[in-house]
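Remember, it's 1-based here, ligands and their atoms both numbered in the order they're listed.
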Amino acid sequence: MPVTVSQEQLQSQFTYIDAVAALIRGKQLRAYTHTFGCQQNEADTERIRGMLHEMGYTMTDKPEDADFILFNTCAVREHAEDRAFGNIGALSHLKKQRPDVVIALCGCMAQQEKNVEKIKKSYPQVSLLFGTHALWRFPSLLYRALTEKKRVFDIGGEDDIAEGLPVLRAQGPKAWLSIMYGCNNFCTYCIVPYVRGRERSRRPEEIEKELRELVAAGYKEITLLGQNVNSYGKDLGLDIDFADLLRRLNAVPGDFWLRFMTSHPKDASPRLFDAMAECDKVAKQLHLPFQSGSDEILRRMNRRYTAEEYRALIADARAKMPDITLSSDIIVGFPGENEEDFQQTLRLVKDVRFDLLFTFLYSPRTGTPAASYEDNATSQEKQDRFERLLKAQDEIVAERQAAYQGKTLRLLVDGTAKGPEYPFTARTEGNLLVCVRGENIQIGQFIEAKIEKTSLRCLFAQKL
Ligand code: SAH
Ligand code: SF4
Ligand code: F3S
């Protein structure tokens, strides 16, 4: 059973929220947050913003105006780490001009010893650093950073679940809903299990309660989050799995779409696709990363499925939901990948014909097994494979997008667009981006619209 942070522990943090509020009362302080990384990190930032809001901070989107600056960081690839360090580096002059500014760093990078050492040594402008496990202790940590004249570091903590933290969500009709935390899979390239801890599932009644609140607050698209949602419930000791959870949440009254991510092919099952097909609120959309089309590479990635098994899953999903949109993640240039391995990836991409692909160049992560695997391909070869993959996928997407021409679809309007001709953005049930025009369009509304033209990245529609 996952451990839930006790009421007493949480209560003491609420006391610190009040203490910070008293400390800054009348000062009209502003807070700026910036999130790197995945949706889980975005959801965490929303909790921190919720706590800051309760303390009396006003949010700003300009770091130079802020009294409190937070970077919630990602460690999944070197590029993400470099960006975080670059951003913090750029703030050293601000800290010199306004020594009272509190600069904080949290998230996945803060769970790694090497980064903590680097911050301690080379980034004195960071006065508060805490890891993913310490998120719920943020009020006491900020209180210390504001009152003590020394830097505060908290990277310890257990794989606990904290329920009932305040949350300040981004504007718009979409909301994240974490159903579980952590990962047990230890894919050999991946840092996530090391920085997020072991899998732990929230209790179903807590999830349902939060969903009901979101629906009552008017949210129209709710995405269930977990690193591997298909192993939901395994740690709970209750008779519930992810398919059961979907059915339970689908029964919550209201007009909304439910999405979820991420699924792992080793745990996705016909049972899941049955539930998706039967649940009218569950969007017919699936993000199912396969990473590589080569069985040998998959084995060395510790993914625990074969390309053939993956194809069978896709075939089953499509048989049950013919219009389903499919997306995937792929890593190019994993150590030892040769041209033939890459060709198998390319073949899988061409056979499945995904609507959307997220392609990454392999980035070695210190502490993961793959970081010490022998790697023979040159960066030029890897780059060349990467570009061939993008080109193949662009051709597929162009065809798939063109097939929407003239169709009438239900859309959720979710924002404003840049161009004047189609002033709003919307999403299809399959999560494809649409720019829309028409009379009386409101953000947060479901509308019927007809696709007038298509491009590689966007569909263009007229509201009916
Ligand atoms: N839990 C999710 C997502 C994990 S991170 C899942 O298992 O699908 C998102 C993606 O980043 C992964 O799917 C993978 O494609 C990519 N990724 C992870 N580690 C990486 C690394 N070291 N180098 C390059 N890409 C990586
Ligand atoms: Fe990383 Fe694999 Fe876990 Fe996804 S399933 S977070 S890729 S270890
Ligand atoms: Fe990055 Fe952490 Fe998410 S490493 S991808 S922010 S879980």
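Those atoms of ligand 1 with a heavy atom of Q291 less than 4.0 angstrom away are 12 (C), 13 (O), 14 (C), 15 (O). Within ligand 1, the atoms closer than 4.0 Å to a non-hydrogen atom of V76 are 5 (S), 18 (C), 19 (N), 20 (C), 21 (C), 22 (N), numbered from 1 in the order shown. Listed by atom number, the atoms of ligand 3 under 4.0 Å from C38 heavy atoms are 3 (Fe), 5 (S), 6 (S), 7 (S). Those atoms of ligand 1 with a heavy atom of P289 less than 4.0 angstrom away are 8 (O). Taking every heavy atom of Q227 and a limit of under 4.0 angstrom, the matching atoms of ligand 3 come to 7 (S). Short contacts between ligand 3 and C74, defined as distances under 4.0 Å to a heavy atom of the residue, involve ligand atoms 1 (Fe), 4 (S), 5 (S), 6 (S).
For CD of E78, the number of neighbouring non-hydrogen atoms (other residues, nucleotides, ligands) closer than 6.0 Å is 12 at most. Crowding of E205 atom CD: a count of heavy atoms from other residues, nucleotides or ligands under 6.0 Å exceeding 12. Counted within 6.0 Å of OH on Y16, heavy atoms from surrounding residues, nucleotides or ligands total 12 or fewer; the atom is thus considered open. In this structure, H53 places its NE2 atom where only 12 or fewer heavy-atom neighbours from other residues, nucleotides or ligands lie under 6.0 Å away. Atom CD of E340 has more than 12 heavy atoms from other residues, nucleotides or ligands within 6.0 Å. Atom NZ of K209 is surrounded by 12 or fewer heavy atoms from other residues, nucleotides or ligands within 6.0 Å.
From the protein, the heavy atom lying nearest to atom 7 (S) of ligand 2 is Y189 OH, 3.4 Å. Of the protein's heavy atoms, A75 N, 3.2 Å lies nearest to atom 4 (S) of ligand 3. Of the protein's non-hydrogen atoms, D329 OD2, 2.6 Å is the one closest to atom 13 (O) of ligand 1. With respect to atom 24 (C) of ligand 1, the closest heavy atom belonging to the protein is L361 O, 3.4 Å. When only non-hydrogen protein atoms are considered, atom 19 (N) of ligand 1 lies nearest to Y189 CD1, 3.3 Å. Of all protein heavy atoms, the one lying nearest to atom 23 (N) of ligand 1 is S363 N, 3.0 Å. The protein non-hydrogen atom at the shortest distance from atom 17 (N) of ligand 1 is R77 NH1, 3.4 Å.
Annotation: cation-pi pair R77/F360 present, NZ/CZ under 6.0 Å from the ring centroid and within 45° of its normal.
A perpendicular orientation is assigned to the rings of F242 and F260, their planes being inclined by more than 60° (bins at 30° and 60°).
The aromatic ring centres of F354 and F290 sit less than 6.0 Å apart. A centroid separation of less than 6.0 Å is found between the aromatic rings of F68 and F138.
For the pair R365 and ligand 1, a heavy-atom separation below 4.0 Å is found. Put simply, no part of N228 is less than 4.0 Å from ligand 1, judged by heavy atoms.
Looking at Y305 and L298, their side chains come closer than 4.5 Å, going by heavy atoms from C-beta outward. Between L135 and L165 the shortest side-chain heavy-atom distance falls below 4.5 Å.
Each of L245, T4, L177 was evaluated against R202; a single residue qualifies, L177, per the side chain to side chain contact (heavy atoms under 4.5 Å, CB included) test.
Atom 2 (Fe) of ligand 2 has C187 SG as its protein N, O or S neighbours under 2.8 Å.
A salt bridge does not link K174 with E42: none of the charged nitrogens is closer than 4.0 Å to a carboxylate oxygen. The residues D316 and K320 are annotated as salt-bridged, a charged nitrogen and a carboxylate oxygen being separated by less than 4.0 angstrom. Using a 4.0 Å cut-off between charged nitrogen and carboxylate oxygen, E395 and K350 do not count as a salt-bridge pair.
For ligand 1, the polar-atom distance check finds no N/O of T262 at less than 3.5 Å from any of the ligand's N/O atoms. The shortest N/O to N/O separation between Y362 and ligand 1 does not fall below 3.5 Å.
Contact annotation for Q40 and ligand 3: no heavy atom of the residue comes within less than 4.0 Å of the ligand.
Among Q227, M301, M261, the residue whose heavy atom sits closest to atom 4 (C) of ligand 1 is Q227.
Residue side and main chain included, C108 places an N/O/S atom under 2.8 Å of atom 2 (Fe) of ligand 3.
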